[in-house]
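One structure below.
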2 protein chains.
Amino acid sequence: MKDKLSNLDPKKKINIINSAMEEFCKNTYEKASTNRIVEKAGISKGSLFNYFQNKKSLYNYLKVFSIKEIADAILADVNWEEPDLLERIREITLIKLKIFREYPYLTRFTQRINSDKSIEELKAIFEEYVPNIYEKVYYENIDFSLFREDIEIKEVLNILNWTFEKIGENYFNKIKVDDVIDIEDISNEVSKYIEVLRKGFYK
Amino acid sequence: MKDKLSNLDPKKKINIINSAMEEFCKNTYEKASTNRIVEKAGISKGSLFNYFQNKKSLYNYLKVFSIKEIADAILADVNWEEPDLLERIREITLIKLKIFREYPYLTRFTQRINSDKSIEELKAIFEEYVPNIYEKVYYENIDFSLFREDIEIKEVLNILNWTFEKIGENYFNKIKVDDVIDIEDISNEVSKYIEVLRKGFYK
DNA sequence: TATTAAAATGACCATACTGGTCATTTTAAT
DNA sequence: ATTAAAATGACCAGTATGGTCATTTTAATA
C-alpha cells in the first residue's frame, strides 16, 4: 500500500502520470510546476500532495514507473527464441509504440532522465528492476552469423538502433494531441527500413 | 547599423549569443530568463535591453543568426564538385563540429526552433537567407549511380542522415563544459561509420 | 436515514522570480 | 576639462512557486 496512486481509478491514475510526465518533459525539474500538473490532470493541489509527499517524490515515482513499464513490456512480449536481431528490434519498436498510446510522454521521459541525471543512479534503478536487460535484448539467442562478416558489428548495431529511435521520434513529433495512431501505417514504415537494413548489412 | 551587437568586442558578442542560446535551449521561450542570460554572459540587465528591444527580439535575432551561421558555412566550405554523397555528409558533419566549438548550443538551438515553431515561419527565414539549400546539399552534382540499385534510396538517405545526427548528438552529450574537443577522434569515428555505410549501401 | 471515516478541495502563505525601466556612474575620445 | 556613449543595477508591479490545512464532498456502513 506504499503507492497511494494505485488505489485510484486506473484512468485517473494514468491521467495524473501523463500530466506529470508531460510537465517534466517540457521543463527542467526545478521549473516544472505542480500547479500546472494538477491543472492538466484535473485534480486539486491538495490531492496531489496527498498522493505524493512532495514534488521530488513524485519525480522519483515517475522515474521508477517509466523504467519498469517499458522494461516489463519488453520482457513479457518479446519472443526470446527469435534469432534475427532485426526482427527483435521490430518487436521492441512496436512494443514501445503500444506503450506510447497509453503514455505519450513515457519514452521521452526516459530519455530525459537518461540525459540529465547521474548515470549511476539510473543504472542502479535499472539493475534493481530489470537486471541485464540490455545484454538480453542484444545477445540472448541472437544469431550474429546472419550479418555480413566484412562489416564492424558495433557500428551496425548503433545504426540499427538510431534508425528505429529516429523513426519513433519522427512519429511522435508528427502526432497531434488526440490523433489516432495508425499502427498499420507505422508497421509498414518499420518494415521498409528493416528490408533496407537487411539488404545492406545481412549476408 | 541595425544590429547593435556587432559593434561589440567579438568575444563579448559570442559570449552573449552563447549564453542566450543556452538559456533558450534549456527552457521554453516563456520560461527562459533574461536575468539568467545576463548573469551567464556577465553583462548588466540594462545592456542587454540596450542591445535588444525586448526578449522577443533577442530570440528572433538568434533564430536568424543560427540559420545563417550554419548555412553560410555549408555554402562556403563544401566542395560542391564532390559526387559522393557520403563524402559530402562527412564534410558537413565536420563543418557543424567546427561551428560547435564556437557556438556549443547552435545546433541544438536550430533543432529547438525547428520543433516548437510554426514551420511556415522557419521556411520563410530559410528561403530568404539560404534558398534551396536542402536540394543543393542532397542533389547538386551527386552521383546516385554509386548506390546499390536494389535498395530504396529514400530510406537510405534518411539512415545516413540520422546516423550522423546521432553521432553528433552523442558527442555533444559526452562533452563537458571547457572540455577540449578532439577533432581527430571524431573524424575517425565518422570515418568508421562512413565505411560501414558505404559497404552496406554502395555498389 | 444517520453516522462516520476517507478522499478531495482550493484559498492561502511567505518567498522568489519575471521582463523591463531609467537615473546614475563609468569609460573613452576629444 | 568637456562631452557623448556605454554600462550599470536598484527598483518596479505583477505573477508563479511548493506546500499546508481547515473545510467540504463522497461513499460505505449501521
Side-chain angles (χ1 to χ4, degrees), chain A residues 1-63 65 105 109 112-113 116-117, chain B residues 1-63 65 105 109 112-113 116-117:
Chain A
M1 194 75 43
K2 257 187 67 190
D3 171 8
K4 286 193 185 171
L5 216 59
S6 296
N7 300 341
L8 265 48
D9 171 57
K11 280 189 186 173
K12 195 171 181 179
K13 177 186 170 186
I14 291 174
N15 201 19
I16 294 169
I17 288 174
N18 283 336
S19 303
M21 278 189 182
E22 180 177 356
E23 181 68 15
F24 283 120
C25 279
K26 292 181 174 171
N27 302 93
T28 58
Y29 172 80
E30 286 77 19
K31 258 168 276 115
S33 154
T34 52
N35 290 332
R36 278 191 298 269
I37 291 173
V38 299
E39 198 181 349
K40 259 178 258 178
I43 62 170
S44 70
K45 198 78 172 289
S47 286
L48 183 69
F49 284 94
N50 178 31
Y51 307 145
F52 299 97
Q53 213 194 340
N54 51 34
K55 189 180 173 183
K56 192 87 212 168
S57 79
L58 163 61
Y59 189 70
N60 288 335
Y61 174 86
L62 293 178
K63 272 203 286 201
F65 177 86
Y105 287 90
F109 184 77
R112 243 287 301 258
I113 58 180
D116 75 358
K117 266 297 173 185
Chain B
M1 194 76 42
K2 256 188 66 192
D3 172 7
K4 287 193 186 172
L5 216 58
S6 296
N7 300 341
L8 266 47
D9 172 58
K11 280 189 186 172
K12 195 171 180 180
K13 177 186 170 186
I14 292 174
N15 201 18
I16 294 169
I17 289 174
N18 283 336
S19 304
M21 278 189 182
E22 180 177 356
E23 182 68 15
F24 283 120
C25 280
K26 292 182 174 170
N27 302 94
T28 59
Y29 173 78
E30 287 76 18
K31 258 167 277 115
S33 155
T34 53
N35 290 332
R36 276 191 299 269
I37 291 173
V38 299
E39 199 181 349
K40 260 179 258 177
I43 62 169
S44 70
K45 197 79 171 289
S47 286
L48 183 69
F49 283 94
N50 179 28
Y51 305 144
F52 300 97
Q53 213 192 342
N54 50 36
K55 187 180 174 183
K56 191 87 212 169
S57 79
L58 163 61
Y59 188 70
N60 288 335
Y61 175 86
L62 293 178
K63 272 204 286 201
F65 176 86
Y105 287 90
F109 184 77
R112 243 288 301 259
I113 59 181
D116 74 0
K117 267 296 174 187

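Every chain is numbered from 1, with letters handed out A, B, ... down the list of sequences. Below, all heavy atoms of this structure are taken into account, side chains as well, without hydrogens, waters or symmetry copies.
Remark: C1' of C:dA23 and CZ of B:Phe49 are 18 Å apart, rounded to the nearest angstrom. Here C:dA7 presents its P atom at 8 Å from NZ of A:Lys4, a figure rounded to the nearest Å. We find that NZ of A:Lys12 is positioned 11 Å from P of D:dT26, with the value rounded to whole Å. The CG atom of B:Leu5 sits 13 Å away from the P atom of D:dA6 (whole-angstrom rounding). The distance from atom CG of A:Asp9 to atom P of D:dA27 is 11 Å, rounded to the nearest whole Å. The separation between A:Asn50 atom CG and C:dA5 atom P is 18 Å, rounded to whole Å. For the pair B:Lys13 NZ and D:dA7 C1', the computed distance is 19 Å after rounding to whole Å. B:Ile16 has its CD1 atom 13 Å from the P atom of D:dA6, to the nearest Å.
In terms of phosphate contacts, A:Tyr51 brings a side-chain nitrogen or oxygen within less than 4.0 Å of OP1 or OP2 of C:dA8. The side chain of B:Arg36 places an N or O atom within less than 4.0 Å of a non-bridging phosphate oxygen (OP1 or OP2) of C:dT18. At the phosphate of C:dA8, neither OP1 nor OP2 sits under 4.0 Å from any side-chain N or O atom of A:Ser44.
How far NZ of A:Lys31 is from OG of B:Ser33: 8.0 Å, rounded to the nearest 0.5 Å.
Using a 4.5 Å heavy-atom threshold, the side chains of A:Phe24 and A:Ile37 count as touching. In this structure, the side chains of A:Phe52 and A:Leu5 come closer than 4.5 Å at one or more pairs of heavy atoms.
Using the Watson-Crick or G-U wobble rule with both distances under 3.5 Å, C:dT1 pairs with D:dA30. Across all strands shown, C:dA8 is found opposite D:dT23 as a Watson-Crick or G-U wobble partner, with both distances under 3.5 Å.
For A:Lys55, the listed nucleotide lying nearest its side chain is D:dG19; candidates were D:dA7, C:dT9, D:dG19. Of the candidate nucleotides C:dG19, D:dG9, D:dG18, C:dG19 has the atom lying nearest to any side-chain atom of B:Asn35. Each of C:dG20, C:dT9, D:dT20 was ranked by its minimum atom distance to the side chain of A:Ser47; first place goes to C:dT9. Of the candidates C:dT9, D:dG18, D:dA7, the closest approach to any side-chain atom of A:Ile43 belongs to C:dT9.
Remark: the A:Lys45 side chain and the D:dG19 base include a donor-acceptor N/O pair separated by less than 3.5 Å.
When atom types are taken as modelled, the side chain of A:Lys45 and the backbone of A:Thr34 share no donor-acceptor pair closer than 3.5 angstrom.
Contact annotation for B:Lys31: no contact, since no heavy-atom pair falls under 4.0 Å across all strands.
The minimum heavy-atom distance between B:Lys63 and B:Phe109, with the atom names listed, is N-CE2, 3.8 Å.
The nearest heavy atom of DNA chain D to A:Ser33 and to A:Gly46 marks one nucleotide each, and the one closer to the 5' end goes with A:Ser33.
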